[in-house]
Amino acid sequence: MKLLVTGGAGFIGSNFIRYWLKKYPADKIINLDKLTYAGNLENLKDIEDNPNYEFVRGDICNFSLVNNLVKKFSPNVIVNFAAESHNSWAIINPTVFFKTNVLGTQTLLEVARQNKVPRFHHISTCEVYGDLALDSKEKFTESSPYRPKTPYNASKAASDLAVRAYFTTYQLPVTISNCSNNYGPYQFPEKLIPLFVTNLLDGLKVPLYKSSQNRREWLFVEDHCRAIDLIIKKGRIGETYNVGSGVEKSIEEITDIILKELKMPQSMKTYVEDRPSHDRRYLLDCSKIKRELGWKPQVKFEEGIKFTINWYRENRKWWEPLKRKLKFSETNWGKSSLAK
């Protein structure tokens, strides 16, 4: 099998490529990535000499580049991870999110349609459904309405709708997966867990939003990769699959776990203003993928979070240069950061 993976130099994409080549060593992968600030070829340094792996630098919005690449490579599957994904940065600079996440996805879909690519799989997020009240007993199902609250969420919701439209209008063979919050190695240190771990390793305080009881559902990245594998191999064309762990932890709880693991005091916490439209809670109903494809998480949260914290502790050379690329400080929300 031949796969064109877009956004493969990012966190989930790089973990997916490594997972796939380990499980299917005879398959071939081309990794198309623009290498924005969060794209990092160091994520895949251990496989860069693999003869079945090739990296191409390019923008998914560039129709000519993508079209020529698909004509030359003739992939069996396009797996689209490429996206701007940081909610805070999206509030400051929403245009780039809509360009990449919506127009970029539509460009990939059109190339896939014109070249009759046998399968297109699109990676999305639980955040397209909006959020839940902290005391809600509801879970998001694949049929829940889309109610995005932030520019990032809205751009991902729009890209999902474009994928669905290409299925219903052109019968393009697509699938979509909406995942909960991923964590694990190689996550860019702007996101909660790597930001807090690396701050603490540098002796810096960690900035919790004042709504620190807001909760997220936490999924170890390799469990997500296993789900995508099953969807590509066995998923029904035109269907969406939720992928989550069922494990909910508040921002406060995650911080306490990290502090305990690193033997740091509670005084390392500092509280900052919430960003605008700070979602309260996400929780996915994943009964469909479990029932239809037999998927379930294999990594217990307690094991995964310890592994992740230790990975950042042991890989300072990987994350130190990336900290200098951080686009935004979460301590700025109460100031004039939106006055542009």
Side-chain angles (χ1 to χ4, degrees), residues 1-21 27-86 89-90 93-125 152 155-156 158-160 162-163 166 172 174 176-177 186-188 190 225 228 232 321-322 325 327:
M1 181 180 285
K2 294 189 290 185
L3 293 81
L4 173 59
V5 176
T6 65
F11 164 46
I12 305 176
S14 62
N15 275 281
F16 175 78
I17 290 173
R18 183 178 294 101
Y19 160 87
W20 195 277
L21 288 176
D27 286 358
K28 298 181 183 299
I29 291 181
I30 285 185
N31 172 14
L32 174 64
D33 197 294
K34 188 179 178 180
L35 295 184
T36 60
Y37 77 96
N40 185 8
L41 290 181
E42 291 294 315
N43 294 0
L44 291 163
K45 195 157 186 66
D46 55 322
I47 66 166
E48 63 183 3
D49 295 326
N50 188 319
N52 288 336
Y53 169 74
E54 179 183 350
F55 171 72
V56 175
R57 185 170 186 173
D59 188 343
I60 60 170
C61 294
N62 185 334
F63 179 90
S64 177
L65 182 149
V66 177
N67 191 49
N68 289 337
L69 188 60
V70 168
K71 286 183 180 299
K72 179 181 177 181
F73 185 55
S74 298
N76 303 102
V77 186
I78 294 176
V79 190
N80 181 30
F81 291 93
E84 297 282 351
S85 66
H86 190 38
W89 181 234
N93 188 11
T95 302
V96 69
F97 281 72
F98 285 96
K99 181 179 179 182
T100 297
N101 298 357
V102 184
L103 297 180
T105 297
Q106 189 275 330
T107 298
L108 293 173
L109 289 164
E110 184 60 19
V111 169
R113 181 181 79 87
Q114 291 189 19
N115 290 278
K116 296 181 171 55
V117 175
R119 187 64 173 277
F120 186 100
H121 182 70
H122 180 65
I123 311 299
S124 191
T125 171
Y152 163 60
S155 69
K156 289 299 290 182
S159 69
D160 288 10
V163 175
Y166 266 73
L172 185 70
V174 307
I176 298 173
S177 54
Y186 298 102
Q187 188 170 30
F188 193 82
E190 65 188 357
C225 295
I228 298 166
I232 290 171
L322 301 182
K325 292 184 178 182
K327 290 271 189 177

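We count residues from 1, following the sequence as given.
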Would you check if Glu84 and Tyr37 make a side-chain contact, meaning some heavy-atom pair closer than 4.5 Å?
yes
Closest heavy-atom pair and its distance - Cys61, Lys99:
SG-O, 3.5 Å
Got a sec: does the NZ of Lys45 have more than 12 other heavy atoms crowding it under 6.0 Å?
no
Quick one: are Ile228 and Phe81 in side-chain contact, heavy atoms under 4.5 Å?
yes
Taking it one step at a time, do Lys72 and Leu69 satisfy side-chain contact (heavy atoms from CB on, under 4.5 Å)?
CA-CA 5 Å; Lys72 179 181 177 181; Leu69 188 60; 5.6 Å; no
Can you give me the closest heavy-atom contact between Met1 and Val77, atom names plus distance?
SD-CG2, 4.0 Å
Below 4.5 Å, heavy atoms only, C-beta onward: do Val163 and Leu109 meet side chain to side chain?
yes
Please identify which of these residues, Asn80, Val70, Val117, meets the side chain to side chain contact (heavy atoms under 4.5 Å, CB included) condition with Leu108.
Asn80
Which heavy atom of Gly10 sits nearest to which heavy atom of Asp33, and what is that distance?
N-OD2, 3.8 Å
How long is the straight-line distance from CG of Leu35 back to CG of Asp59, given to the nearest 0.5 Å?
11.0 Å
Which atom of Pro118 lies closest to which atom of Pro75, heavy atoms considered:
CD-O, 3.5 Å
Answer whether the closest heavy-atom distance between the side chains of Lys156 and His122 falls below 4.5 Å.
yes
I'd like to know if the side chain of Asn43 and the backbone of Ser14 have a donor-acceptor N/O pair within less than 3.5 Å.
no
Test item: Leu322 and Phe188 side chains (from C-beta on) under 4.5 Å apart, heavy atoms
yes
Hey, is the main chain of Lys2 close enough, under 3.5 Å, to the side chain of Asn76 for a donor-acceptor pair?
yes
Working for side-chain contact (heavy atoms from CB on, under 4.5 Å), residues Arg18 and Asp46
CA-CA 9 Å; Arg18 183 178 294 101; Asp46 55 322; 3.0 Å; yes
When rounded to the nearest 0.5 Å, the distance separating CD1 of Ile30 from CD1 of Ile78 is 11.0 Å
Between Ser124 and Ile176, what is the shortest heavy-atom contact and its length?
CB-CG2, 4.1 Å
Determine whether Ile60 and Thr107 make a side-chain contact, defined as any pair of heavy atoms from C-beta on separated by less than 4.5 Å.
no
Side-chain donor or acceptor of Thr100 paired with backbone N/O of Phe97 under 3.5 Å:
no
Main-chain N/O of Ile232 paired to Arg119 side chain as donor or acceptor, under 3.5 Å
yes
Exam field: side chain Asn67 to backbone Val111, donor-acceptor pair closer than 3.5 Å:
no
Taken to the nearest 0.5 Å, the spacing of Leu172 CG from Glu110 CD works out to 9.5 Å
For the residue pair Tyr152 and Thr125, establish whether any side-chain heavy-atom pair is separated by less than 4.5 Å.
yes
Would you call the rings of Phe16 and Trp20 parallel, tilted or perpendicular if under 30° counts as parallel and over 60° as perpendicular?
tilted
Chi angles and distances behind the side-chain contact (heavy atoms from CB on, under 4.5 Å) call for Lys28, Phe73
CA-CA 10 Å; Lys28 298 181 183 299; Phe73 185 55; 4.3 Å; yes
Look up atom CG in Leu44 and atom CG in Asn15, then write down how far apart they are to the nearest 0.5 Å.
8.5 Å
Is the shortest heavy-atom distance from the side chain of Ile17 to the side chain of Phe55 under 4.5 Å?
no
At their closest point, which heavy atom of Gln106 faces which heavy atom of Tyr166, and how far apart are they?
NE2-OH, 2.9 Å
Separation of Leu3 CG from Asp27 CG (nearest 0.5 Å)
6.5 Å
